[in-house]
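What follows is a single structure, written as structure tokens, with notes after it.
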Amino acid sequence: MGSSEERVVAVIMVGGPTKGTRFRPLSLNVPKPLFPLAGQPMVHHPISACSRIPNLAQIYLIGFYEEREFALYVSAISNELKVPVRYLREDRPHGSAGGLYTFRDYILEENPSHIFLLNCDVCCSFPLSQMLDAHKNYGGMGTILVIKVSAESANQFGELVADPVTNELLHYTEKPETFVSDLINCGVYIFTPDIFKAIQDSFTQRKDRDYLRLDQDILSPLAGKKELYTYETRDFWEQIKTPGMSLKCSGLYLAQFRRTSPILLAGSKGSRSAAIIDDVYIHPSAKVHPSAKIGPNVSISANARIGAGARLISCIILDDVEIKGEGDYNAKLGITILGESVAVEDEVVVINSIVLPNKTLNVSVQEEIIL
Ligand SMILES: Nc1ncnc2c1ncn2[C@@H]1O[C@H](COP(=O)(O)OP(=O)(O)O[C@H]2O[C@H](CO)[C@@H](O)[C@H](O)[C@H]2O)[C@@H](O)[C@H]1O
């Protein structure tokens, strides 16, 4: 447990409605941070990890979505977790460090000894308490969660070099063109309030700018100055930039629920329930016909209706979807995401596809995005 003078706040960077992102077709009706993974909004996973940090005073979500998009969720989750959660809206994107700096007065109001900063679009076990302990041992201004990835994939991330003995961050390059290291930045940090001084100094040096990135503008120049350290996770970690990754991450979080809160997963509740294979989430208001067969890696949201004999493998089913099931040949869905209020007629087979809200599918589709 933390000591009494310790006071922690957490900031989650939720981004905003940017055009042309790879995730966009999916988030038309719901902002990306609220897209369901394992039946919970994406941002719920880091929030729930933060709520387990000892001495946590506040959670801030910073982004440039409209307030109303988060209002309901923020009040519901504050009540549920008994931790104050507050959404702070930027008038426009100021970069990850600029966005954090914009709200320094709100954050410092809590008089925190430590500030967690988390990217919303990463999927991991968020080993935050372990990070905090490691950070206190290292000293310095901040500690970055890092992971080893394959050399081929490392260039999509911030690549870094750390001292193998002290774990000090020695060198940092954001998405380099030539290979630097297979150790990468996970987008999860802990800082002391001195981070605001570092951002302020950087703004002072660049008087012409009101946009600062945490990676290039702040972390890179601080490497090798005994200010930043690394904490390596050996658990799962993925970045969630595409719909395909959201399916994979939904599966990772379902598997985590199996270990940490199996009560959230669908089980065989008596003879009248559907056949459930491995990890499956079914919202309590969804109706699944007893003859349906669901799983592995399926998440079914509120008020969905899954008809007789339907077969679902690796799917995310959003609110109010209807999958019909009558006759001898039933609907089959695999590696598929169905948007809100989509209807799938019986006998239809949907493989490797994304279907946008309110569509009706009466023919089979494969490897398609139905807009
Ligand atoms: N002004 C702003 N206000 C609110 N939210 C904002 C914001 N600017 C960005 N965000 C949000 O912060 C997160 C990080 O986004 P960035 O575009 O800064 O970096 P990226 O995700 O490419 O890489 C980063 O994250 C990967 C890990 O996923 C690292 O490897 C890499 O080094 C690091 O730069 C996203 O969730 C984004 O929506």
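As the structure is a prediction and not an experimental result, all values here were calculated from the model. First listed ligand is number 1; within each ligand, the first listed atom is number 1.
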Practice task
Please check atom 34 (O) of ligand 1 for a protein heavy-atom neighbour under 4.0 Å.
Solution key: yes

Completion exercise
Heavy-atom nearest pair, C124 first then L145, reads SG-CD2, 4.3 Å

Practice task
Check whether any N or O atom of P93, backbone or side chain, sits under 3.5 Å from an N or O atom of ligand 1, and answer yes or no.
Solution key: no

Exercise for the section: Evaluate the ring planes of Y189 and F191, with Trp represented by its six-membered ring, and classify them as parallel (under 30°), tilted (30 to 60°) or perpendicular (over 60°). Expected result: parallel

Exercise for the section: Search all heavy atoms of I47 against all heavy atoms of V85 and return the closest pair with its distance. Expected result: CD1-CG1, 4.4 Å

Practice task
Could you list which atoms of ligand 1 come closer than 4.0 Å to a heavy atom of V122?
Solution key: 28 (O)

Exercise for the section: Please determine if D210 and R92 form a salt bridge, counting it only when a charged side-chain N lies under 4.0 Å from a carboxylate O. Expected result: yes

Practice task
Using heavy-atom distances, let me know which of G95, C186, G99 sits nearest atom 1 (N) of ligand 1.
Solution key: G95

Completion exercise
Short version for Q239: what comes under 4.0 Å of ligand 1, heavy atoms counted, is side chain

Problem - atom 12 (O) of ligand 1 [closest protein heavy-atom partner, distance rounded to 0.1 Å] - result: M13 CB, 3.5 Å

Problem - Geometric cation-pi criterion R209 and Y211, 6.0 Å radius, 45° cone - result: no

Handout entry: Distance filter under 4.0 Å to F157 heavy atoms, resulting ligand 1 atoms
Key = 30 (O)

Exercise for the section: With side chain to side chain contact (heavy atoms under 4.5 Å, CB included) as the test, would you mind laying out the steps for N55 and R7 before giving the verdict? Expected result: CA-CA 5 Å; N55 303 313; R7 207 170 151 76; 5.7 Å; no

Exercise for the section: Using non-hydrogen atoms of the residue, decide whether R213 is closer than 4.0 angstrom to ligand 1. Expected result: no

Handout entry: Pair R213 + E174, salt bridge at N-O below 4.0 Å
Key = no

Practice task
Start with the C-alpha gap between Y60 and Y106, add the side-chain angles, then the distance that decides, and say whether ring pair (Phe, Tyr, Trp, His ring centres under 6.0 Å) holds.
Solution key: CA-CA 9 Å; Y60 300 97; Y106 290 92; 7.3 Å; no

Practice task
Taking all non-hydrogen atoms of both residues into account, name the closest pair between R89 and E66 and its distance.
Solution key: NE-CA, 3.7 Å

Practice task
Look at atom 17 (O) of ligand 1 and say whether a protein heavy atom is found at less than 4.0 angstrom from it.
Solution key: no

Exercise for the section: Distance to 0.1 Å, residue and atom name: give those for the protein heavy atom nearest to atom 22 (O) of ligand 1. Expected result: K175 NZ, 2.7 Å

Exercise for the section: Could you walk me through whether S246 and I337 pass the side chain to side chain contact (heavy atoms under 4.5 Å, CB included) test, one step at a time? Expected result: CA-CA 9 Å; S246 72; I337 299 173; 3.7 Å; yes

Problem - Location of contacts on H94 toward ligand 1, heavy atoms closer than 4.0 Å - result: backbone

Handout entry: Parallel, tilted or perpendicular: rings of H114 and H135 (30°, 60°)
Key = perpendicular

Problem - Neighbour count >12 (heavy atoms, 6.0 Å) for atom CZ, R234 - result: no

Problem - Evaluation steps, side chain to side chain contact (heavy atoms under 4.5 Å, CB included), between L214 and L219 - result: CA-CA 6 Å; L214 188 68; L219 303 180; 4.2 Å; yes

Practice task
Look at ligand 1 and say whether I184 reaches it with a heavy atom at a distance under 4.0 Å.
Solution key: no

Exercise for the section: Identify, by atom number and element, the atoms of ligand 1 in contact range of I62, meaning under 4.0 Å from any of its heavy atoms. Expected result: 4 (C), 5 (N)

Practice task
Using a 4.0 Å heavy-atom threshold (strictly under), name the region of D215 that reaches ligand 1: side chain, backbone, both or neither.
Solution key: side chain

Handout entry: Within-shell test, K32 vs ligand 1, heavy atom, strictly < 4.0 Å
Key = no

Practice task
Report the nearest protein non-hydrogen atom to atom 32 (O) of ligand 1: residue, atom name, distance rounded to 0.1 Å.
Solution key: E174 OE1, 2.7 Å

Problem - atom 38 (O) of ligand 1 - nearest protein heavy atom and its distance - result: G15 CA, 3.2 Å

Problem - ligand 1 contacted by W237 (non-hydrogen, < 4.0 Å) - result: yes

Exercise for the section: Within a distance under 4.0 Å of any heavy atom of Y172, pick out the atoms of ligand 1 and give their elements. Expected result: 32 (O)

Practice task
Quick one: look up the protein heavy atom nearest atom 15 (O) of ligand 1 and list residue, atom name and how far away it is.
Solution key: K241 NZ, 4.4 Å

Practice task
Mind running side chain to side chain contact (heavy atoms under 4.5 Å, CB included) on F236 and K248 for me, showing each step along the way?
Solution key: CA-CA 11 Å; F236 65 95; K248 176 167 189 191; over 6 Å; no

Problem - Heavy-atom nearest option to atom 8 (N) of ligand 1, drawn from G187, S96, G63 - result: S96

Completion exercise
re atom 3 (N) of ligand 1, the protein heavy-atom contact at minimum distance is E90 OE2, 2.4 Å

Problem - For atom 30 (O) of ligand 1, closest protein heavy-atom neighbour - result: N185 O, 2.6 Å

Practice task
Using a strict cut-off of 4.0 Å, indicate which atoms of ligand 1 neighbour a heavy atom of C120.
Solution key: 36 (O)

Fill in the blank from the handout: Of all heavy-atom pairs linking L160 and N185, the shortest is CD2-N, 3.9 Å

Handout entry: Atom indices of ligand 1, in the order listed, that fall short of 4.0 Å to a heavy atom of N119
Key = 12 (O), 13 (C), 14 (C), 24 (C), 25 (O)

Exercise for the section: Report yes or no: does Y65 have a heavy atom closer than 4.0 Å to ligand 1? Expected result: no

